[in-house]
Structures are given as C-alpha cells and as structure tokens.
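Below, chain A is the first sequence line, B the second, and so on; all start at residue 1. The structure displayed is predicted, hence computed values, not measured ones.
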2 protein chains.
Amino acid sequence: MKRGRKPTIDAADITRAAIAIADAEGLASVSMARVAAEMGNATMALYRHVKSKDELLALMWDSAMEEPPPLPDGDWRDKLGFWAKAVLVAIRRRPWFLQIPISGPPVGPKNLRWLDSALTALEDVPLEPAEKIGVVMGLSTFAQGEARLIGTLAQGFENDPAQFNHQYGQRLREIVDPRAMPALAEIIESGVFDLDDVVRAEDLGADFDFGLHLFLEGVAAHIRSRA
Amino acid sequence: MKRGRKPTIDAADITRAAIAIADAEGLASVSMARVAAEMGNATMALYRHVKSKDELLALMWDSAMEEPPPLPDGDWRDKLGFWAKAVLVAIRRRPWFLQIPISGPPVGPKNLRWLDSALTALEDVPLEPAEKIGVVMGLSTFAQGEARLIGTLAQGFENDPAQFNHQYGQRLREIVDPRAMPALAEIIESGVFDLDDVVRAEDLGADFDFGLHLFLEGVAAHIRSRA
DNA sequence: AGGTTTTGCGTATGAGGTACGCATAAAAGG
DNA sequence: CCTTTTATGCGTACCTCATACGCAAAACCT
C-alpha cells in the first residue's frame, strides 16, 4: 500500500480551479494564492502537486481546449472549413488561451485529437503527408492569429468604446498624408474604415470567413495542380 | 517660455532603453527599475514621462517595427509574397514583439506604412477596397501567427534540445493510438515528424513558404473569379 | 507503539509596480 | 537679485506575487 498522508487534492483539481478563475476573471487573476483560496487550501499546499506556476499554466493550456466536434458530411472543403471555424469558436470561448506562454510542440491528447480531426478532413485528398501537415498548420496558424486579433479588438473595445465608434476612419484621415501613403489613403477614402457604429464580433467573423475562403481556394488550386 | 525644471529624459529615451534591454535579454528583463538603471536614473523618475509600464509597452510596440522595405518589381504576387516575408523577418528580429499585450487597432506611423506598402502591392489588382483589406489582414494574421509559432519552437528548442532530436515522431508514436486517431497515425507513420536531427529555422521557413503559397494561390483564384 | 514517509502549510525572502510627498531646478515677477 | 511659481527628480513605503525552507500532521509498515 502507499505510505504517507493521503493527498486531499491533485494537479487536476488545481488545474480546474485555475481554469475557473481564468474563465471568470481572466488569466491575470490567476495567482497561486488565489487558486489556493478558491480551493480552501493554503498557497504553499499547491506546490506539492505542481512544480511551479509555469507548470500550472502548461496544464491549463492542455485542458483548455474542448474536444473537437465531429466533422460534417461533405467534401474536404466543407470539413476543413468547419474545422477552422470550430477552432476559432473554441479559442473564443477561452480568450486567455492565447495569452499563455507556450513552450513546445503539442503532445496533449486534446490537441492531438484536433490535429487528427483536421487530417481526417483531408483523408481522401491526394496530397503528400508533408503537404497535408502544411495545410493544417497554415490553417491553424491563421485561425489562431485571427482569434488573437478578434480578442484584442474586443478587449480594446471594452476599455474604450469611443475609440471605435466610427472614429477610426476619421482618425486615419487625419493621420495619413495621401502624398506619403497614397494606396492607404485611397482605401481610407473608400470608407471601409468608417464603421457605422460599433465593431461587432460578426464583422470580425466576416473577415475570418473571407480569409478562410482565400486559403481554402488556395488549397484547392494546389490540389488541382497536383492531379 | 516654458516654466519649471528642464526634463533630462523623455518618453522616447525611455522607450529606446527598454527596447535595447528587450533586444538583448528578452521582454521579461524589462522592468521599470532595470530600464531606469540602464539610463542612470532613479526608478520613479520614469513615471514623469510614462504613465505606467503598460504605456511603456505600448510605446515599445509602436517603435519596434522597422520601416517596410521597398517592394520589388513584378506582379502583385511577387510584391505581396515579398511583403509577407518581410513581415516575418521584421518580427523575427524582435521576438518579444508578439509577447506584448496589445490593446487596439494600429495608429502608429510605422504600422500604417506597412499597411500602405501591402496595399501598394495590390494597387493594380481589380478588387474592392474591403477585399483588399481582407487579403492584407489575412496575410498579416498568417505571418504573425507563423512568426509566433517559429519563435515558440525556437525557444523550446533552446530550453530542451533533446526534446526535438527526432524524438518527436517517436514520442507521438507512443502516445497516439492508431485506432483512436487513424488519420494522424497514418501521417506519423509516413515519417514527416521524424526530423532527422534538429528543427532548424529554415525548415520552419519552408512551412511558411508553403502556407504563403497556398494563400496567394487563393487570392489569385479569387481575383480570377471576379474578372 | 514506534518508525517512516508523504502531504499540508506558516514563515520569510526577494522582485516588481506604483502612490505619495518632498527636494530641486528653471523660468517669471517684483 | 530675490521671491514665487511650476514642472521635474526621486527616496520611501506599500502591496502583490512566486517560491525556498522547515516543521507539523497524517497514514502506512513492522
């Protein structure tokens, strides 16, 4: 039998508590003391189960992603598009996910299942393994980057809504000298930056959809050139 | 005339000193005390010119990017591809750039010049303004995400080189159950993850090139469907 | 029961951000 | 030239955090 005092908590409990705090108040509110308090333990008790805060963050990172949803019926394009949107949604549900300083390639089971899901979408596509990985990496990179951007803007909007109320276009008009940056000035004049009222999550979603469309279009073209 | 004691330093000086530290030792080494010491001032002297550390980080963010290089001759594709690679190179030169928590849309002059540069590359392309912005945003997102990934892996490699010496594929083989994740298992078996020796920056650059190729291919397809 | 081992945790240390207030320097007014 | 005004320089102090260390409490073994 196992000797010594019985542990009252384990690393998984700590991770869960930390995630609950991050979900409710953001990653900045996750401190060892706070997590311990939330669990009714003393701060230093945590260190019996977790080497350091960095390790706790790594555990949080592994647990943060939910399971990948089952792929829809259709061709690879439907599936991969669905997958990319699922990635965006999953990250958006845990905005602090991208704030965790990561350290290495993914080995956590959840992340590997996401990878498997994307590769399943490409199952019947005639591409080399390395190419498939490239496609998935590119898509994943794009989705994460877009999620980051959306999160950033959403947060900036919370802090200072006035900054976004169709003043952005105006502000750019003041700053940008058409002689110095003619291409940008022309786009500004077209009014794309004059957001009528507020930047909404849906607008940002439209940007994502367009980028996704371009990328998938590129994959299709590449497949065609292969066949 | 302006009353009061003459300032001996200004925000730009502080920003420069902070950037020098970040370049040399990473963003983690940038503390108010450290920056002040480096300038030969007392810690609290900085607060006369900078409201908070967050503000200092924002200033660093604005100053961190170098000027966009002039675009090469060629069609939009050459130019945009060159631009994307230039973004990657510029970020790679300041790996701490992506670690700064950002707050809002870009208004700094350098960032606007990068934007102008990309739009110049699309000058003669028959797309709507909003579409051009979408293309540039997508590309920029992709480049930043890839830079982040490369930086992460490079750092992980420094910390623990053994982890990468063609053990990654082996490790995956142990973890991944082919019955649970057949698509992933098949790719693993193909040996793509068995990096012969070491993950090199060049290999990662190849990934970037492939993703870039796909994206530009997609843009080309979209333009064709427009014409 | 006595010894052993493992967990729980109080105390202490050091780093970092920053509020506050006084000292100091430079211009303006007499 | 001296006083008043105003902006800067910065010492002190406080608070939050992560974490090393060591002792006490609990559970198992003989």
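Residues A:Ser29 and A:Arg34 have side chains in contact (heavy-atom distance under 4.5 Å, counting atoms from C-beta outward). Proximity of B:Met44 to B:Met32: side-chain heavy atoms (C-beta onward) are nowhere separated by under 4.5 Å. Inter-residue side-chain proximity for A:Thr8 and A:Asn41 is flagged as met; some heavy-atom pair is nearer than 4.5 Å.
One donor-acceptor pair, N or O on each side, does fall under 3.5 Å between the base of C:dT7 and the side chain of A:Arg5.
Between B:Asp54 atom CG and C:dG16 atom P there is a gap of 16 Å when expressed in whole angstrom units. For A:Met39 and C:dC9, the CE to P distance is 11 Å, given to the nearest whole Å. Atom CE in A:Met32 sits about 17 Å away from atom C1' in C:dT13, given to the nearest Å. The CD-C1' distance, from A:Glu55 to D:dA18, rounds to 14 Å in whole Å. One can place CD1 of B:Ile9 at 18 Å from P of D:dA7, the figure rounded to the nearest angstrom. Atom CG in A:Leu46 sits roughly 14 Å away from atom P in D:dC17 (whole-Å rounding). The distance from atom CG of A:Asp13 to atom P of C:dG8 is 11 Å, rounded to the nearest whole Å. One atom, NZ of B:Lys53, and another, P of C:dA19, lie 15 Å apart when rounded to the nearest Å.
Closest-nucleotide positions on DNA chain D for A:Val30 and A:Arg48 were compared, and the one nearer the 5' end corresponds to A:Val30. Both B:Arg34 and A:His49 lie near DNA chain C, and the one whose nearest nucleotide falls closer to the 5' end is A:His49. Positionally, the nearest nucleotide of DNA chain D for B:Lys6 lies more toward the 5' end than for the other of B:Met44 and B:Lys6.
Counting any heavy atom pair closer than 4.0 Å across all strands shown, B:Ser52 reaches sugar-phosphate atoms only and no base atom. Using a 4.0 Å heavy-atom distance criterion, B:Thr8 is classed as a sugar-phosphate-only contact.
Between B:Asn41 and the phosphate of D:dG9, there is no side-chain N or O to OP1/OP2 separation shorter than 4.0 Å.
Between D:dT19, C:dG17, C:dC9, one nucleotide has an atom nearer to the side chain of B:Tyr47 than all others, and that is C:dG17. Comparing atom distances between the A:Arg3 side chain and each of C:dT5, C:dG16, C:dG8 picks out C:dT5 as nearest. Listed nucleotides D:dT19, D:dG9, C:dT5 differ in distance to B:Ala45; the shortest reach to its side chain belongs to D:dG9.
Put simply, CZ on A:Arg48 and CD1 on A:Ile9 are 11.5 Å apart, with the number rounded to the nearest 0.5 Å.
The aromatic rings of B:Phe142 and A:Phe215 are tilted relative to each other, their planes meeting at an angle between 30° and 60°.
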